[in-house]
Number of protein chains: 2
Amino acid sequence: MKITILGCYAATPRSFTNPTAQVLEMGKQLFLIDCGEGTQVQLRRNKIKFSRIKHIFISHLHGDHFYGLVGLVSTFRLLNRENELHIYGPKGIKEIITLQLKLANSWTNFPLVFHELTSKEPEILIDNEHITVSTLPLKHRVYTNGYLFREKEGDRRLIVDEARRLNIDFTLFKSLKKGKDVVSEDGELIPNHLVTEDPPEPLSYAFCSDTVYDPELVPLIANITLLYHESTFLDSEEKLAFPTKHSTAKQAAAIAKAANVQKLLLGHYSTRYDNIELFRTEARTIFENVLLADDGMEIVVE
Amino acid sequence: MKITILGCYAATPRSFTNPTAQVLEMGKQLFLIDCGEGTQVQLRRNKIKFSRIKHIFISHLHGDHFYGLVGLVSTFRLLNRENELHIYGPKGIKEIITLQLKLANSWTNFPLVFHELTSKEPEILIDNEHITVSTLPLKHRVYTNGYLFREKEGDRRLIVDEARRLNIDFTLFKSLKKGKDVVSEDGELIPNHLVTEDPPEPLSYAFCSDTVYDPELVPLIANITLLYHESTFLDSEEKLAFPTKHSTAKQAAAIAKAANVQKLLLGHYSTRYDNIELFRTEARTIFENVLLADDGMEIVVE
C-alpha cells in the first residue's frame with residue numbers, strides 16, 4: 001500500500017504547507033482522504049491521475065478538511081469525468097456541495113453519490129473482494145470519523161517449480177492457491193503446504209484526524225500496520241489539546257502503543273511549530289516506530 | 001492606484017496558475033475582487049495584509065471566482081479579526097458561506113455583512129469621500145456583475161512657497177485647497193489659481209469578468225483609466241466564445257477602443273493556451289495600450 005501526503009498541517013493553508021488531504025493506494029484502488037483547500041493542485045503536483053479517484057472520505061466539516069472538495073468536484077466535471085464518484089462524510093456535505101453546483105448552474109455530468117454519515121458506532125462502508133473500509137468514530141468539536149482500510153487476505157502463493165516437479169496439472173493451480181490439497185498426475189495426494197506459501201500479510205491503515213486523546217479508539221485499531229494519528233500539539237501545549245479536542249504527539253504515541261500498531265504516522269501539526277522533528281522526538285519517548293508526515297511525502301508499506 | 005493580480009486564469013487551478021482574484025488599492029483602501037480557490041495563499045505570497053481587506057466583491061458564482069472565499073473568511077476568524085467584513089456578490093453567496101460556517105459550528109467573531117446583488121442595472125455600492133464603487137451588469141451564463149471603482153476628484157494642490165510669498169496666513173490654506181479665493185495679510189484679494197494647481201486626475205478601474213462581447217458595456221466604462229476585460233479565447237476559438245458567454249482578445253480590445261479607455265488589461269485566459277503573449281498581439285491589432293495580467297503581477301497607475 002502507498003500513502004501520498006498531499007497536506008498534513010492544521011488550520012489555514014500557507015504558501016509552503018497544505019491542509020489535510022491524503023491519497024491511499026490499496027487493493028489497486030485510490031482513496032482520497034480529506035480534501036482541504038488546494039487539494040486539486042496538490043494532486044497535480046504529486047502526479048496523481050484524477051480519474052483513478054472513485055472514493056473520497058471526509059472526516060469532518062471543518063474547513064481545513066474539506067474546503068477543496070467542491071473545487072475538485074467541479075474540476076472532475078471540466079475534465080468530462082464519466083465514472084461514478086462516491087463521497088463519504090458527515091451529514092451536510094451533500095447540501096454544501098449541491099448548493100454550490102446549483103447556484104453555479106453546473107451540475108456534474110457523472111454520477112455523484114453521497115454517503116452521509118450520522119452513526120456514532122463503527123460502520124462498514126466498502127466491503128469487496130480485496131478490502132474493507134469502515135468508520136472510526138472520533139471525538140472532536142464536531143461530528144467526526146476516522147477511516148480504517150483493511151486488505152483482505154489474498155490467495156496462497158504457489159511455488160510453481162515445486163508444483164511442476166510433483167507433476168500437478170496446471171488446471172489445479174487455482175485450487176492450490178485457495179488452500180486445497182490436490183491429486184497429482186501420478187495419482188498421489190499432494191498436501192497443500194508442500195507447494196504453497198502463506199499469502200502476504202494483509203495490510204491495514206487507519207486515518208484518525210481530528211481527535212482528542214481517546215483510548216476507546218484502541219480496540220478498533222489493534223495490531224494494524226500503519227496508524228495516522230493527529231498530533232496538533234506538543235506536550236508543552238497539552239493544556240490546549242483537550243479544550244480544542246486535539247491530541248499531542250505523546251498522546252498519539254500512547255494510542256499507537258496501546259493498540260500495538262506496527263508504525264505510527266504523525267501529522268496535523270499546528271502551524272505554530274517551525275520544527276516538526278520535535279513531534280517525532282516526543283512520540284519516540286513512548287513508541288519507537290514513528291514517521292512524520294510532510295506534504296508531498298510518499299509512504300510505501302509492503 | 002495599484003492592482004495586484006493574485007490569479008487570472010480561467011477554469012481550474014493548476015500548480016503554476018491561479019483562478020481569478022485581484023486586489024485593488026485605491027483611496028488608501030484595499031478591495032479584493034473575486035476569490036478563486038487558493039486566494040488566501042496567493043495573498044500571503046504577495047505579502048498583502050489580510051486585515052486591510054474590508055470589502056470583497058464577487059462577480060459571479062462560478063467556482064473559479066469564489067471557491068476560495070469560505071476559506072478566507074475562516075482564516076480571518078482564526079486570525080481573530082474584529083473589523084467588519086463586507087461581501088458583495090450574487091444572491092446565494094450568503095447561504096453558501098453561512099451554511100458552511102454553521103455546519104463547522106464556527107461562526108465568525110467579527111461582523112460579516114453580506115450585500116447580495118440581484119439588479120440588472122448598475123448600482124452604487126460604496127460612495128464615500130474618496131471613491132465610488134458601482135456594479136457593471138455583465139452577460140454571462142449565470143448572473144454576473146463587473147465592478148467599477150472611481151476615485152473622486154481630490155483637493156486642489158497648494159503651491160506653498162507662492163502662498164507664503166503672497167503673505168497668506170496658513171489658516172487659509174484649507175480654503176485655498178477647496179478652490180476658494182482668499183485675502184492676504186496685506187489685505188489683497190488673491191485669486192485661487194495664483195497659488196494652487198489642478199488636483200491629480202481621478203483614476204478609475206473597471207473589472208469585467210466573465211462576460212460575452214457586450215457593446216452595452218461601453219457607455220458605462222467610457223474614458224476610464226484602466227479596464228480589466230476578460231479574454232478567455234483567441235480569435236481562432238471565437239466560435240467557442242458566444243456559446244460559453246466569454247470574449248476573445250479581439251473583442252476585449254474592441255470594447256476598450258469603443259469606450260476610449262486609457263489602458264486595457266487582459267486576463268482570464270483559457271488554460272488551453274501556453275503562450276499568453278498571443279493575447280496581446282491579437283488585441284493590439286485593434287487597441288494599442290494593452291497589458292497582460294499574470295499571477296503575482298502588480299500594476300501601478302499614477
Side-chain angles (χ1 to χ4, degrees), chain A residues 10-19 35-47 50 58 60-79 89-106 140-144 270-271, chain B residues 10-19 35-47 50 58 60-79 89-106 140-144 270-271:
Chain A
T12 179
R14 297 178 296 176
S15 48
F16 52 96
T17 67
N18 296 278
C35 191
E37 184 174 353
T39 294
Q40 58 175 313
V41 170
Q42 283 293 88
L43 285 169
R44 288 185 197 273
R45 284 197 185 119
N46 289 279
K47 302 199 189 311
F50 282 40
I58 301 295
H60 64 300
L61 296 182
H62 282 160
D64 54 333
H65 295 258
F66 86 97
Y67 281 169
L69 181 59
V70 66
L72 181 59
V73 169
S74 301
T75 294
F76 278 137
R77 180 179 167 274
L78 288 173
L79 295 174
K91 190 165 168 52
I93 188 93
K94 181 176 177 177
E95 188 183 355
I96 288 173
I97 302 300
T98 53
L99 172 66
Q100 294 181 80
L101 297 178
K102 185 184 79 177
L103 286 168
N105 200 18
S106 41
H140 190 45
R141 303 196 304 278
V142 293
Y143 176 74
T144 303
S270 162
T271 52
Chain B
T12 180
R14 297 178 295 176
S15 46
F16 52 98
T17 67
N18 295 278
C35 191
E37 184 174 353
T39 293
Q40 57 175 316
V41 170
Q42 283 293 89
L43 284 168
R44 287 185 199 273
R45 284 199 185 118
N46 288 279
K47 302 200 189 310
F50 282 41
I58 301 295
H60 64 301
L61 296 182
H62 281 159
D64 55 331
H65 294 258
F66 86 97
Y67 280 168
L69 181 59
V70 67
L72 182 59
V73 169
S74 301
T75 294
F76 278 136
R77 179 179 167 274
L78 288 173
L79 296 173
K91 188 164 171 52
I93 188 93
K94 180 176 178 177
E95 188 183 356
I96 288 174
I97 302 301
T98 53
L99 172 65
Q100 293 181 81
L101 297 178
K102 185 184 79 178
L103 286 168
N105 199 16
S106 43
H140 190 44
R141 302 196 304 277
V142 292
Y143 176 74
T144 304
S270 162
T271 52

Portion of [X] that has a non-hydrogen atom of chain A nearer than 4.5 angstrom:
X	result
Val142(B)	side chain
Thr39(B)	backbone
Thr12(B)	both
Tyr143(B)	neither

Sub-4.5 Å side-chain heavy-atom contact between Leu99(A) and Glu95(B):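 The answer is yes; the side chains approach within 4.5 Å.
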Tyr67(B) side chain reached by Glu37(A) side chain, heavy atoms, under 4.5 Å: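 SC-SC contact between Glu37(A) and Tyr67(B) ruled out.
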Leading residue by heavy atom contact count with chain B [cutoff under 4.5 Å; candidates Ile93(A), Ile96(A), Leu101(A)]: Ile96(A)
Contact leader toward chain B among Gly38(A), Gly92(A), Pro13(A), where contacts are heavy-atom pairs under 4.5 Å: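 Highest number of heavy-atom pairs under 4.5 Å: Pro13(A).
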Atom pair NE2 (His62(B)) and CG (Asn105(A)), whose distance is rounded to the nearest 0.5 Å: 6.5 Å
Spacing of Ser15(B) atom OG and Gln42(A) atom CD [to the nearest 0.5 Å]: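 One finds 9.5 Å between OG of Ser15(B) and CD of Gln42(A).
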Nearest heavy-atom neighbours spanning Arg14(B) and Arg44(A): CA-CD, 4.1 Å
